[in-house]
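Below: one structure, written as structure tokens.
Lettering follows sequence order; numbering is per chain, from 1.
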Number of protein chains: 2
Amino acid sequence: MYKQIDTYVNKCVSLTKEELEYFHSLLQYKKVKKKSFLLRAGEKCDFEAYIITGCVRVYYIDENGFEVNLLFAVEDWWVSDLASFSQQQSARLFIETLEDCELLFIDYKSKEALFKKVPKFERLFRLMIQKAYETMVDRLISNISKSAPRRYQEFIKKYPTIPQRVPQHLIAAYLGVSPEFLSKIRTRLSKA
Amino acid sequence: MYKQIDTYVNKCVSLTKEELEYFHSLLQYKKVKKKSFLLRAGEKCDFEAYIITGCVRVYYIDENGFEVNLLFAVEDWWVSDLASFSQQQSARLFIETLEDCELLFIDYKSKEALFKKVPKFERLFRLMIQKAYETMVDRLISNISKSAPRRYQEFIKKYPTIPQRVPQHLIAAYLGVSPEFLSKIRTRLSKA
DNA sequence: CTCATTTCTTAATCTGGTTCAATGCTTTTA
DNA sequence: TAAAAGCATTGAACCAGATTAAGAAATGAG
């Protein structure tokens, strides 16, 4: 059950058996059915969740009622509304399972306790968020300076497994185009 | 000279006099003239720089040769190409002063030494990047789901001092619109 | 197996924003 | 203090992508 997350953690920091066991003791295991919400905007987000199996999307509903997908997360990723989690304020994001999932949750208090007891985890989470930040920068650049067909091609190159697991209109809502246009892009590309 | 950065640091973590002095010993003070490059794409970025006074822009040149501004940084901000800095690889970003600046630099080795000797700084930098991440998420959402006039209005609301310090076409390249269109937006808004 | 729902496609029309080109206005620089 | 360079504005033509509408295909629940 913890084998996968241990491998993940081990890539960044090296831990003793005791530290690892303490870490495990703070995690809560849950199975969650497809199409469930881990979080809705307005609630307080008191978790970061590590995905053992399954697929999840994190999205935002804009002022016109459109969904914007921020992230498709699969095995070995973390999901949360970090702004809500870390400042203990109400969430702006929705987190919804797209498949049946197995997850490990850690709550705010436990995370702080973990940092206090094993400061190496502070480093782990710093590196995690640093990577997320860089991904976000790439995506902003991509959105500002590349055409939709380009963005789609880069998406399937970067996340080749996602299109098989996630409906196309959700990918459109990730790329920031209408589902109709994504459909056009695909037929265009398949002809060329 | 260190008063400002100490105030900054103190907002997140509390340090003893010795820790603070050690921190200072790792910083390098520099004055830099307007229109200088702190970093060019292709170089290795071996610094994070804290701005005491002045204004800096961080930008990217896309495949069509267009500049995309990622950040205008002023007093009390940090700038770096984090991907380059933390993975010691060559930079994709340019960092250019827009005004004469006073800066404090820290290099990679010093930062790692600092983390080792005073782990509290790991927390500080985690919180810093977490904030930068959230800002980036906001900007992506904004870019995907809001019109250019909207984005401009939010920009001047969020950074009211920037338009007085930075030429308009650079703001256009931050918002992701052409300078001509930003000009049109402005005349439209001033009439309404 | 069947009806309902969700998903995907195609086509016509419309619009926000780009591109190109011309003009006047400020800053630099020599 | 002039000449040059950079900056902002305006208008016309154009295009990427949105919107609307309708039907086809796939998936799922009873």
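- Comparing A:A148 and B:P167, the nucleotide of DNA chain D nearest to each residue sits closer to the 5' end for B:P167.
- Here D:dG17 presents its P atom at 11 Å from CG of A:N143, a figure rounded to the nearest Å.
- Taking atom CZ of residue B:F181 and atom C1' of nucleotide C:dT15, one finds them 10 Å apart after rounding to whole Å.
- In this structure, the side chain of A:R151 engages the main chain of A:K146 through a donor-acceptor pair within 3.5 Å.
- Straight-line distance from the NZ atom of B:K146 to the P atom of D:dG17: 21 Å, rounded to whole Å.
- A salt bridge between A:E112 and A:K116 is absent, with no side-chain N of the basic residue lying under 4.0 Å from a carboxylate O of the acidic one.
- Across B:C101 and B:V56, no two heavy atoms sit closer than the pair SG-CG2, 3.8 Å.
- Dashed line: the shortest gap from a side-chain N or O of B:Q168 to OP1 or OP2 of D:dT9 is under 4.0 Å.
- The distance between atom OH of A:Y152 and atom C1' of D:dA16, rounded to the nearest whole Å, is 18 Å.
- The 5' end of DNA chain D is approached more closely, in terms of each residue's nearest nucleotide, by B:L182 than by the other of B:L182 and A:S147.
- Rounded to an integer number of Å, the gap from NZ of A:K184 to P of C:dT7 is 20 Å.
- Atom pair A:E180:CD and D:dA18:P shows a separation of 9 Å (rounding to whole Å applied).
- Between B:K34 and B:S178, the residue whose closest nucleotide on DNA chain C is further toward the 5' end is B:S178.
- Between B:F66 atom CZ and C:dG17 atom P there is a gap of 17 Å when expressed in whole angstrom units.
- A cation-pi arrangement is not found for B:R57 relative to B:Y174, the charged atom failing to lie both closer than 6.0 Å to the ring centre and inside a 45° cone about the ring normal.
- Across all strands, A:K35 comes closer than 4.0 Å to no nucleic acid atom at all (heavy-atom distances).
- Side-chain nitrogen and oxygen atoms of A:H169 include none within less than 4.0 Å of the OP1 or OP2 phosphate oxygen of C:dT6.
- Rounded to an integer number of Å, the gap from A:L170 CG to C:dT7 P is 7 Å.
- Aromatic pair B:F72/B:Y159: ring centres not closer than 6.0 Å.
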